There are 2 protein chains.
Amino acid sequence: MEAKAILQQHIAKTISLSEEQFAHFFSYFKPMSFSKGQTIIGEGDTVDCEYFVLSGCLKAFYINDEIKMYILQFAMPTWWTSDYAALYNNTRATINVDCITDAEVLCLSNADREKLCSELHEAEHFFRWRTNRGYIASQKRLLSFMNNDTKKRYEELLALYPQLYNLVPKHLIAAYLGVSRETLSRLYSAH
Amino acid sequence: MEAKAILQQHIAKTISLSEEQFAHFFSYFKPMSFSKGQTIIGEGDTVDCEYFVLSGCLKAFYINDEIKMYILQFAMPTWWTSDYAALYNNTRATINVDCITDAEVLCLSNADREKLCSELHEAEHFFRWRTNRGYIASQKRLLSFMNNDTKKRYEELLALYPQLYNLVPKHLIAAYLGVSRETLSRLYSAH
DNA sequence: TTGGTTACGTGACCTACATCACATTCGAAA
DNA sequence: TTTCGAATGTGATGTAGGTCACGTAACCAA
């Protein structure tokens, strides 16, 4: 499926736009391709855009003391990602985004999103709902962190992203769960 | 300061409305008073409203196995709270909200918020930005959870809410940090 | 004032997970 | 095919924080 159709199907779950309106909506998005391992946002960069994933898998992560990596989000097709704190507050990136696999994305700049939102009430509605869902998911993950042990969080993760097990190396799964790769490895063998 | 002025000042940070527009905006909010200890949302309730705090302090929390409590948010004046997952998905509450102190709030129903957002583009803009900020804060807290030990999270919390130390019992602070009250207590004495 | 509940401190002990060290397997590039 | 680095498994050991147990202090309500 081509980029335009993927985005159209995605936003149709929240708002309905005429063909003409959607064409305008889509005109703000810029397609980009990246290959496996490539960095999209690096720590310290200025952040202008957010990214809608068409194919492939990205990760948004934080690196502590140049050593430990924590993954905030795996971004699969139809997911959005960026360093939103940097994007909205116009500060330098503290979050990195890079490609776990080759990936195609649609890129939307901060300025264009705001322009779109002010031009088209439905667009503002769409982005409100998108962020709502992200907020609720984030709260849920926070609770899971406080409440569940590693094993349960691991099972939760696989339920949420079943494809992940075969797609990404295990140490990245550990970095999402917030445990060491050794602990995750021992989780498997313990059955 | 009266309720109307507090809300007006709060939303003026994000959008500008005429007096007439704001009067309409405000007309959807219903003032309510609660006393210390009172439950606003209990687990299993249907959730119709979100709450804007005028005075006092609420907590939004989750109870695991009828035993352990985890606090998602302390809601101070000009903060918003609810069980948003239940509110937006029209499901039963899994999060509780109650009063740490006597409190006055403005109550906005889900239906009225959506009506307001569709009537007034600026309102939609306001709620998009409010949720944005919540999402970013939630991501930040998640990172802090993965990255920092209890002591550092405790210092972070006191920096974010300096009033809290004298306002709420220590076991609630422990429940926000996600540690046992004993561990928090030992943190104090260790310095 | 009194009796009961809630808050808080502190010791003893236990457990999940981190860290370090090393072995093994796998996959891509030469 | 060979080779080298990345990914993964696994043992030994250290530690932050949980849990249980108990004591004291503060705060209401009768």
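Remember, it's a predicted structure, so these values are computed and weren't measured experimentally. Proteins get letters first, then strands, A, B, ... in listed order; numbering begins at 1 in each.
- Here the P atom of nucleotide dA7(C) and the OH atom of Y165(B) are 16 Å apart, to the nearest Å.
- Here the C1' atom of nucleotide dG9(C) and the OH atom of Y188(B) are 12 Å apart, to the nearest Å.
- Between the NZ atom of K151(B) and the C1' atom of dA16(D) there is a distance of 13 Å, given to the nearest Å.
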*asked:* Quick one, R133(A) with T14(A), criterion side chain to side chain donor-acceptor pair (under 3.5 Å). Give me CA distance, side-chain angles, the key distance, then yes/no.
replied: CA-CA 11 Å; R133(A) 281 188 288 267; T14(A) 307; 3.1 Å; yes
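- Phosphate proximity of dT10(D) to S189(A): present, with a side-chain N or O under 4.0 Å from OP1 or OP2.
- In this structure, M69(A) atom CE and dA6(D) atom P are separated by 14 Å, rounded to whole Å.
- Residue T183(A) places its side chain closer to dC17(C) than to any other of dT19(D), dC17(C), dT19(C).
- As a whole-Å value, the separation of L187(A) CG from dG9(D) P is 11 Å.
- Regarding R181(B), its CZ atom lies at a distance of 14 Å from the P atom of dG11(C), rounded to whole Å.
- A donor and an acceptor atom never sit less than 3.5 Å apart when one is taken from the side chain of E182(A) and the other from the base of dC17(C).
- Looking at heavy-atom distances under 4.0 Å, G37(B) makes no contact with the nucleic acid at all.
- Contact annotation: H171(A) does not reach the phosphate of dA6(D) (side-chain N/O to OP1 or OP2, under 4.0 Å).
- If you measure from atom NZ of K170(B) to atom P of dC27(D), you get 12 Å, rounded to the nearest angstrom.
- Dashed line: the shortest gap from a side-chain N or O of S180(B) to OP1 or OP2 of dG17(D) is not under 4.0 Å.
- Residue contacts shown for K36(A) are absent, as no nucleic acid heavy atom lies under 4.0 Å away.
- Side-chain contact, E19(A) with Q8(A): a donor N or O sits under 3.5 Å from an acceptor N or O.
- Counting only N and O atoms by type, the side chains of S35(A) and Q38(A) include a donor and acceptor under 3.5 Å apart.
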*Hey, mind stepping through Y161(A) and W79(A) against ring-ring contact (aromatic ring centres under 6.0 Å, His included) and telling me if it holds?*
CA-CA 12 Å; Y161(A) 309 87; W79(A) 290 59; 5.6 Å; yes
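- Judged by the 6.0 Å and 45° rule, K59(B) forms no cation-pi pair with Y176(B).
- Distance NZ (K152(A)) to P (dA16(C)): 15 Å, rounded to an integer number of Å.
- In this model, no side-chain donor or acceptor of R186(B) finds a partner on the base of dG18(D) within 3.5 Å.
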